[in-house]
Amino acid sequence: MDTLLQQLINGLTLGAVYALVALGYTMVYGIIGLINFAHGEVVMIGTMVAFTVIVALAGSGLPPLLVLSIGLAVAVVVCMALGWSLERVAYRPLRGAPRLTPLITAIGMSMVLQNVAMIIWGRNYITFPPMITKHIYSVGGATFTNVQVAIVSLAALVMMALIYLVHRTRIGMAMRATAQNPHVASLMGVDINRVIAMAFVIGSALGAVAGCMVGSYYEIAHYQMGFMLGLKAFTAAVLGGIGNLAGAMAGGLLLGVIEALGAGYIGQLTGDFLGSHYQDIFAFIVLIIVLMFRPSGLFGEREGDRA
Amino acid sequence: MLEVTGLRVSYGGIQAVRGITFHVNEGEMVALIGANGAGKSSTLRALARLLTPAGGSVRYRGKELVSLPPHRLVGEGIALVPEGRGVFPRMSSLENLRMGAYARNDKPAIQHDLEHVLQLFPRLKERAQQTAGTLSGGEQQMLAIGRALMSKPKLMLLDEPSMGLAPIMVQKIFEVIRKVASEGMTILLVEQNAKLALEVSQRGYVMESGEITVTDESHKLLADPKVRAAYLGE
């Protein structure tokens, strides 16, 4: 019982992060049908930038919460600019090219960003300066920290803001229209290029927030951290139904919980043959199962467009 | 109002439209008729900048349109009702109509036009909250026309509005087209149903393998034995 509750709490925290990253994949996919494999690296850059800013300001005497907020804000702005540039430089020139071409470019951009990060921040693990005093709360034998509470509530807030943006604002309406029929959207006066750029910019901003969350949760960062995180978030997006925003949110949370439960029980299940460091396999088992039995994902059922 | 000169459209090496010239005067309805594959829809898509013409000029109120990106056309007062309707399937009917007014920012006037469109198509009022993908073909066509009207266009391009619809629905749609035209809208109508198109329009152009072969007032085309034989099934 303790393990179950504990792993649910941990899974929720992790899932909130996956959900935010998955939204970045799904928004871009929903609009231009591209899987932006460089998105995990955008998240990693977000973590790195936030760490750099926070380390630089750590001795400044500013209140810790302000330092954290500045780190987050700078990371968001840098990632938005990065997302915009990626689209402008790497993907826009390939608009109309066969689908495989931008996909390979995305993998290429992922490598470029990893290497740039390695040059800037080095090959070693970077540790997060202890800024927040951790409080540990316990409920029914399980524990959670104030950092976890902050992660989950910030993720919820950001997701609500995104839902509002997509369903209640002009640019959101333009994004939905473009996702459903880009040609006709342009006839209505929607500048498609602007909408696509916005999808990258918003997705990258969410990625930056997620990057700061993983950073403060694990208190460690590395130039290759975006790869696995990106793959898992991509799995979450596929699990929810790629292209579907609610699906990405649900898929992220679900994957986080599956992974945490898997890690918690894998020892018991295999008679201690496999330990909790095998937790990464669960995401990919999920991916394989979804692709085999329900490739459109949980929320991926599309209403037929009548001719 | 619209002057098309030497318009050419090619797909790969194949010329779909071979240098056609025609015009539409303010306030009139002009029909572009012809068999399947004659190049009618390609012409319309080129006018709406959904594809880039291989050559020729399209002047609208004295302004060259060929160099304009597609999303700027609606601001010039041009609305296309695309072939196959092109409604946004996962948006409600109401949202589809509001998308039509995307380029406008005169809120009170938008609300007024919305009521006007719903009056024109009472069926859409009943279906206001339903997602457009679940509407019948005829309802989707109403929605597509209503959406185009929401941009407050001066020139409407209609691409095969009768396609795939039951005869009773075709009658309804054309009643509305006639009504919109009588309110002063300039309309370029592309139709395979030549009889219907010539009955509602003032002038007509007949297209054949990418070229305009005959042009006249619509009632004269309707009486022309050659047109009757080729397009009216007589």
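Chain identifiers are assigned alphabetically (A, B, ...) following the order of the sequence lines, protein sequences preceding nucleic acid strands; residue numbering begins at 1 within each chain.
- Heavy-atom minimum distance, B/Pro82 versus A/Val184: CG-CG2, 4.0 Å.
- Heavy atoms from other residues, nucleotides or ligands lying under 6.0 Å from OH of A/Tyr164 number 12 at most.
- For B/Pro70, the parts sitting under 4.5 Å from any heavy atom of chain A are the backbone and the side chain alike.
- The side-chain tip of A/Arg170 points at the ring of B/Tyr102 from less than 6.0 angstrom away and within 45° of straight on.
- Crowding of B/Arg61 atom CZ: a count of heavy atoms from other residues, nucleotides or ligands under 6.0 Å exceeding 12.
- Contact detail for B/Met99 and A/Ala177: the closest heavy-atom pair is CE-CB, 3.6 Å.
- Atoms CG and CZ, from A/Asn244 and B/Arg90 in turn, are 8.5 Å apart once rounded to the nearest 0.5 Å.
- Under a cut-off of 6.0 angstrom, the local environment of NE2 in A/His167 is crowded, with over 12 non-hydrogen atoms contributed by other residues, nucleotides or ligands.
- To the nearest 0.5 Å, atom CZ of residue B/Phe88 and atom CE of residue A/Met173 are 8.5 Å apart.
- For A/Arg88, the CZ atom sits in a loose shell: 12 or fewer heavy atoms of surrounding residues, nucleotides or ligands are nearer than 6.0 Å.
- Under a cut-off of 6.0 angstrom, the local environment of CZ in B/Phe22 is crowded, with over 12 non-hydrogen atoms contributed by other residues, nucleotides or ligands.
- Interatomic distance, B/Glu95 CD to A/Arg176 CZ, rounded to the nearest 0.5 Å: 4.0 Å.
- Distance check: A/His183 NE2 to B/Leu80 CG gives 11.5 Å after rounding to the nearest 0.5 Å.
- Contact of B/Arg104 with chain A is made through the backbone alone, with heavy-atom distances under 4.5 Å.
- The CG atom of A/Leu187 lies 12.0 Å from the NE2 atom of B/His71; values are rounded to the nearest 0.5 Å.
- Proximity to chain A is absent for every atom of B/Leu73, based on heavy atoms less than 4.5 angstrom apart.
- Counted within 6.0 Å of CD on B/Glu3, heavy atoms from surrounding residues, nucleotides or ligands total 12 or fewer; the atom is thus considered open.
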